[in-house]
Amino acid sequence: RRPVPAATGTPTPAPAQTRPAAEPWSIVVPQVAVTASTMEFEDRQVQPAAAFRVEGVAVRLENFNNAGRGALAVAASATLASGGSLNATGTVALASHALALKLGLADFDLRSLQPYIAERTDMTLRTGTVSIDGELAYDPSTTPARLDFHGRVTSGNLRTVDNELQQDFIRWRELRIDGLEYSSRADRLTIREVRARAPYARVIIGPDATVNISNVLRPARLRAAQPP
C-alpha cells in the first residue's frame, strides 16, 4: 500500500457568509400637535433690547417622514402679547424644504419695533398697527433662493413724532396697499393700488436748505458714522 502524502500549503478558507444590507430606519409620524404654548424672544443687538412674547401658540404638523417623500402639512396660530394675532397654513416639501404658506397677521402693534426705529431714525412711533393677508412661497433649493409674496398690507392709526421738534412727523388713519406682488427671482415689486385716509406729514425746510424728513430718517449721528 502506498503512503498518503502529507498536506502542504495553506488550507482554503470557507467562503464568508454575506449579510444582507441593513434597511434604513423608517420614521413616519401622521400628526404632531402643540397647543397652549408660550414663547419669549429678546434681541439684545439693539438698545433697549427688543422683546416679544407670543402666547397661545398652536401648531399642527401632518404627514412627516424621514424619507423626504411628499409634503408636510402645517397649520399654526398665535397671539402676540403686545397686540395682534398670526395664522399660517400651508405645506413644506420634505425633500427641498420649499414652503408655500397662506399668512394672516392681524393688528400687529408696531410699537414693539421702536428699538429698531430708534436705532436708524430720529423719530418715535407712538401708535400704529399693521395687518397682512397674503400668500408666501420660499424655495431654498434654487440658486439664489426664491421668495415670492402677493397679498394686501393695511396699516391703521399710525402716529410718529419728530424727536427734535417733539411734534407729529408722519401719521395716517389708514394706509392700504392692495395687489402687492414681490418676486426675488425677477427682482420685481408691483403694487396695484395704494389708498390713504387722513394722511399727514410735517415738512420743514431749514435756513440751510435741509429738509427735516431727511434729517429724521437719516440722522446726523448715522451720517457721521459713514465713511466719506
With [X] via side chain to side chain donor-acceptor pair (under 3.5 Å) - residues at least two apart:
X	value
Arg111	Asp109
Asn65	none
Gln47	none
Glu42	Arg44

Review point. Counting only N and O atoms by type, is there a donor-acceptor contact under 3.5 Å from the side chain of Thr142 to the main-chain atoms of Asp139?
Key: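 Here the side-chain-to-backbone pair exists.
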Is there a donor-acceptor pair under 3.5 Å between the side chain of Ser155 and the backbone N or O of Thr129?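 Yes, the answer is positive, given that a donor and an acceptor are paired below the 3.5 Å cut-off.
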Minimum-distance pair of heavy atoms, taken over all atoms of Val216 and Phe169 =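 Scanning both residues completely, I find the closest heavy atoms to be CG1-CE2, 3.7 Å.
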- Item | Closest approach of Pro115 to Ala49 (non-hydrogen atoms, all atoms of both residues) |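 Reported closest heavy-atom pair: CG-O, 4.1 Å.
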Practice item. Could you tell me whether Glu40 and Arg53 make a salt bridge, using a distance below 4.0 angstrom between a side-chain N and a carboxylate O? Key: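 Answer for the salt bridge query: yes.
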- Task: Look at Asp168 together with Arg159 and state whether they make a salt bridge at an N to O cut-off of under 4.0 Å.
- Result: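 Answer for the salt bridge query: yes.
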- Message: Can you see whether Tyr200 has Arg171 sitting over its ring - NZ or CZ less than 6.0 Å from the centre and within 45° of the normal?
- Response: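 So Arg171 does make the cation-pi contact.
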Between Asp43 and Tyr116, a side-chain donor and acceptor under 3.5 Å: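 Yes - a donor-acceptor pair under 3.5 Å links their side chains.
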Q: List for me each residue that meets side-chain contact (heavy atoms from CB on, under 4.5 Å) alongside Ala75, sequence neighbours excluded, and say none if there are none.
A: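 For Ala75 the side-chain contact (heavy atoms from CB on, under 4.5 Å) partners, ignoring immediate neighbours, are Arg60, Thr89.
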Task: Partners meeting side-chain contact (heavy atoms from CB on, under 4.5 Å) with Glu119 (sequence neighbours left out) - done: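 Scan of Glu119 (side-chain contact (heavy atoms from CB on, under 4.5 Å), adjacent residues dropped) gives Val46.
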